[in-house]
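I have placed the structure first, in the form of structure tokens, so that the comments after it can refer back to it.
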Amino acid sequence: MKRRDFLKLAAAASVAGCAGSAAPSRARVVVIGGGFGGATAAKYIRLWDPSIDVVLIERESQFTSCPISNLVLGGFSTMQEISRGYDGLRRHGVQVVRDEAVAVDAAKKTVRLARGGEIGYERLIVSPGIDFTFNEIQGYEAAMQSGRVLHAWKAGPQTVALRSQLEQMRDGGVYILSIPTAPYRCPPGPYERASMVAAYFKKAKPRSKVLVLDANPDVTSKGALFKAAWKDLYAGTLEYRGNAKAVGIDGSTVKLEVEDVKGDVLNVVPPHRAGNIAQQAGLITTNNRWCDVDWRTMESKKVPGIHVLGDATLSAPGMPKSGSMANNHAKIAAAAVIEQLNGRAPQPVKIINTCYSFVSEKEAIRVSSVHEWDATQGTLIGVKGSGGVSAARSEPEATYAWNWARTIWADSLA
Ligand SMILES: Cc1cc2nc3c(=O)[nH]c(=O)nc-3n(C[C@H](O)[C@H](O)[C@H](O)COP(=O)(O)OP(=O)(O)OC[C@H]3O[C@@H](n4cnc5c(N)ncnc54)[C@H](O)[C@@H]3O)c2cc1C
């Protein structure tokens, strides 16, 4: 074992040891998942009430952002640019434990770690993102294990592998992007990806083609803006087909309900559900996939004392699964947890979503919305007259998109 790994294990064991013995002397919040939701919650609890101990359990050594990862696929950004370490959180006094949370005992209020030991909590925050229901696409797992198909819908090694497949593809080849039925993480994300790959092909492999097979009847977000960009910039390169749900993979063929389509690079994004640990912890409430929460506190409607954030939640009406939303959910939860631990009643919070998509290397489009608590409906609803989409794609929107990304990475992790 490397010295560095030994030290990390020792750190985990010391937190676990604490939990196993007497109750902690200060209130302790444990956070599972150091993505947009979990990292932000851990940081803001420490910022707003430094008397609370915060332990963040994250299985990866660093944060890799899905936002901007489509630009990496197009060759317009790098993995280094979209990666951040966890030292920023440590500087806020968050204890970062590199491990996998494998079980939650809500009665004992403990989280079990893959490398052994348990950590006790007074409040638990679960922000594990998504996992996939691979079995809904016949042959998917075998094809993924052989490297024949990738989703690259969690930024990391698959992003690098997909970029390399695109680089190696012959000019004149077909890149297939298959989109699952909504809800999935980042509604405009697939259409941005199709645009980035088309931009790359136009520059480097002009005889190649992007074929978008969408299980949904039509483009699910910023439809008119994407379609205008595709017509103006990628006519003859990018083809879009709605109502084209992938049901199987066989060699270089994606099987749809009514036909088979052959491609050179198969980028099939499977249907999603809340991350595995949410299921293990009994937090799933809806369609065997998502976790319903009280939107005033993000507390699970099923398991008291546990708050669920981000993509794992059953989205409120009109609310996308986005990094922007996960970051906002985290602030609702951080404020609520502090109030609850101090014996006060949490107040509802208004939140904002902004989601940029690049349609070319230098131009982007935007959608935004504002969500507020509605006591009659018992959920967050869109504020009438708020938000909307860009008037047209533009270079200033691309500058705002980069600024948004750098700001949210810093807000969540620095
Ligand atoms: C291609 C693409 C582009 C996107 N672009 C945008 C965009 O432009 N704007 C935007 O707002 N959103 C965008 N998104 C969506 C955004 O990435 C997600 O909505 C966001 O990451 C959700 O945050 P989260 O905290 O729920 O999950 P994540 O950010 O996925 O974080 C989950 C974390 O939990 C960890 N984890 C999971 N289970 C465990 C466990 N048991 N133990 C320990 N650690 C665990 C994971 O390793 C991960 O670090 C995009 C997504 C994709 C795929």
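Numbering of ligands and ligand atoms starts at 1, following listing order. Every heavy atom of this structure was used, including side-chain atoms; hydrogens, water molecules and symmetry mates were not. Starting from 1, each residue takes its place in the sequence as its number.
Looking at atom 41 (N) of ligand 1, its nearest protein heavy atom turns out to be A101 O, 2.9 Å. For atom 50 (C) of ligand 1, the nearest non-hydrogen atom of the protein is C186 CB, 3.3 Å. For atom 51 (C) of ligand 1, the nearest protein heavy atom (residue, atom name, distance) is C66 CB, 3.3 Å. With hydrogens left out, the protein atom closest to atom 31 (O) of ligand 1 is G35 CA, 3.2 Å, a heavy atom. Of the protein's non-hydrogen atoms, G129 CA, 3.3 Å is the one closest to atom 27 (O) of ligand 1. What sits closest to atom 48 (C) of ligand 1 on the protein, heavy atoms only, is E58 OE1, 3.5 Å. Closest protein heavy atom to atom 16 (C) of ligand 1: G323 N, 3.4 Å. Nearest protein heavy-atom neighbour of atom 9 (N) of ligand 1: W404 CH2, 3.2 Å.
In this structure, the side chains of I332 and W373 stay at 4.5 Å or more apart for every pair of heavy atoms. The side-chain heavy atoms of R123 and L341, taken from C-beta on, include a pair separated by under 4.5 Å. The side-chain heavy atoms of E167 and Y200, taken from C-beta on, include a pair separated by under 4.5 Å. Here the side chains of E60 and K154 are not in contact, with every heavy-atom distance at 4.5 Å or above. Looking at heavy atoms from C-beta onward, F76 lies out of side-chain contact with F358 at the 4.5 angstrom threshold. Side-chain contact between R28 and I119 is present, with at least one heavy-atom pair separated by less than 4.5 Å.
No N or O atom of E60 sits closer than 3.5 Å to an N or O atom of ligand 1. Below 3.5 Å of separation, one finds no N or O of A312 facing any N or O of ligand 1. Inclusion of D311 in the set of residues having an N or O under 3.5 Å from an N or O of ligand 1 is warranted. In terms of polar-atom proximity, S324 is counted as a contact of ligand 1, with an N or O under 3.5 Å from an N or O of the ligand. Note: no N/O pair closer than 3.5 Å links A326 and ligand 1 by distance alone. Distances between N or O atoms of S127 and those of ligand 1 include at least one value under 3.5 Å.
Distance CG/L162 to CG/L177: 9.0 Å, rounded to 0.5 Å.
For the 3.5 Å distance criterion, the side chains of S412 and N327 qualify, holding a donor opposite an acceptor.
When each atom of ligand 1 is checked for a heavy atom of G310 under 4.0 Å away, the hits are 26 (O). Near R185, meaning under 4.0 Å from one of its heavy atoms, ligand 1 places the atoms 18 (C), 21 (O), 22 (C), 27 (O), 28 (P), 30 (O), 53 (C). Ligand-side atoms of ligand 1 in range of N70: 1 (C), range being under 4.0 angstrom from any heavy atom. Each of the atoms 33 (C), 34 (O), 35 (C) of ligand 1 lies under 4.0 Å from some heavy atom of G33. Listed by atom number, the atoms of ligand 1 under 4.0 Å from G37 heavy atoms are 25 (O). Of all atoms in ligand 1, listed by their number and element, those nearer than 4.0 Å to a heavy atom of F36 are 20 (C), 21 (O), 23 (O), 25 (O), 29 (O). Near K321, with a cut-off below 4.0 Å to any heavy atom, the atoms of ligand 1 are 19 (O). Listed by atom number, the atoms of ligand 1 under 4.0 Å from I57 heavy atoms are 43 (C), 44 (N).
At least one donor-acceptor pair under 3.5 Å links the side chain of Y86 to the backbone N or O of G34. The backbone N or O of T220 sits less than 3.5 Å from a side-chain atom of Y191, completing a donor-acceptor pair.
When non-hydrogen atoms are compared, ligand 1 lies under 4.0 Å from the side chain of I277 (C-beta onward) but not from its backbone. Both the backbone and the side chain of R59 come within 4.0 Å of ligand 1, counting heavy atoms alone. At a heavy-atom distance under 4.0 Å, only side-chain atoms of R193, from C-beta outward, approach ligand 1. Counting heavy atoms under 4.0 Å from ligand 1, residue A401 does not touch it at all. At a heavy-atom distance under 4.0 Å, atoms from both the backbone and the side chain of P67 approach ligand 1. Only backbone heavy atoms of Y356 (N, CA, C or O) come within less than 4.0 Å of ligand 1; its side chain stays farther off. Using a 4.0 Å cut-off between heavy atoms, D99 contacts ligand 1 through its backbone alone, with no side-chain atom that close.
Relative orientation of the W230 and F226 rings is tilted, given thresholds of 30° and 60° on the angle between their planes.
Not a single heavy atom of N276 sits under 4.0 Å from any atom of ligand 1. Heavy-atom distances between G275 and ligand 1 stay at or above 4.0 Å for every pair.
Listed by chain and residue number, L233, Y234, E363 satisfy the side chain to side chain contact (heavy atoms under 4.5 Å, CB included) test with S360 (two or more places apart in sequence, or in another chain). Here R366 pairs with T354, Y356, S368, S390, E397 under the side chain to side chain contact (heavy atoms under 4.5 Å, CB included) rule; sequence neighbours left out.
Between D49 and R26 no salt bridge is recorded (no basic side-chain N to carboxylate O distance below 4.0 Å).
More than 12 heavy atoms of other residues, nucleotides or ligands shown are found within 6.0 angstrom of CG on D171.
R193 forms no cation-pi arrangement with Y175, by the criterion of a distance under 6.0 Å to the ring centre and an angle within 45° of the ring axis.
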Please test R406 against E81 for salt bridge (charged side-chain N to carboxylate O under 4.0 Å, His left out), starting from the C-alpha separation and ending with a verdict.
-> CA-CA 10 Å; R406 292 185 180 120; E81 199 150 22; 3.4 Å; yes
Under the side chain to side chain contact (heavy atoms under 4.5 Å, CB included) criterion, do I32 and Y121 qualify, and how do the steps go?
-> CA-CA 11 Å; I32 301 177; Y121 64 81; over 6 Å; no
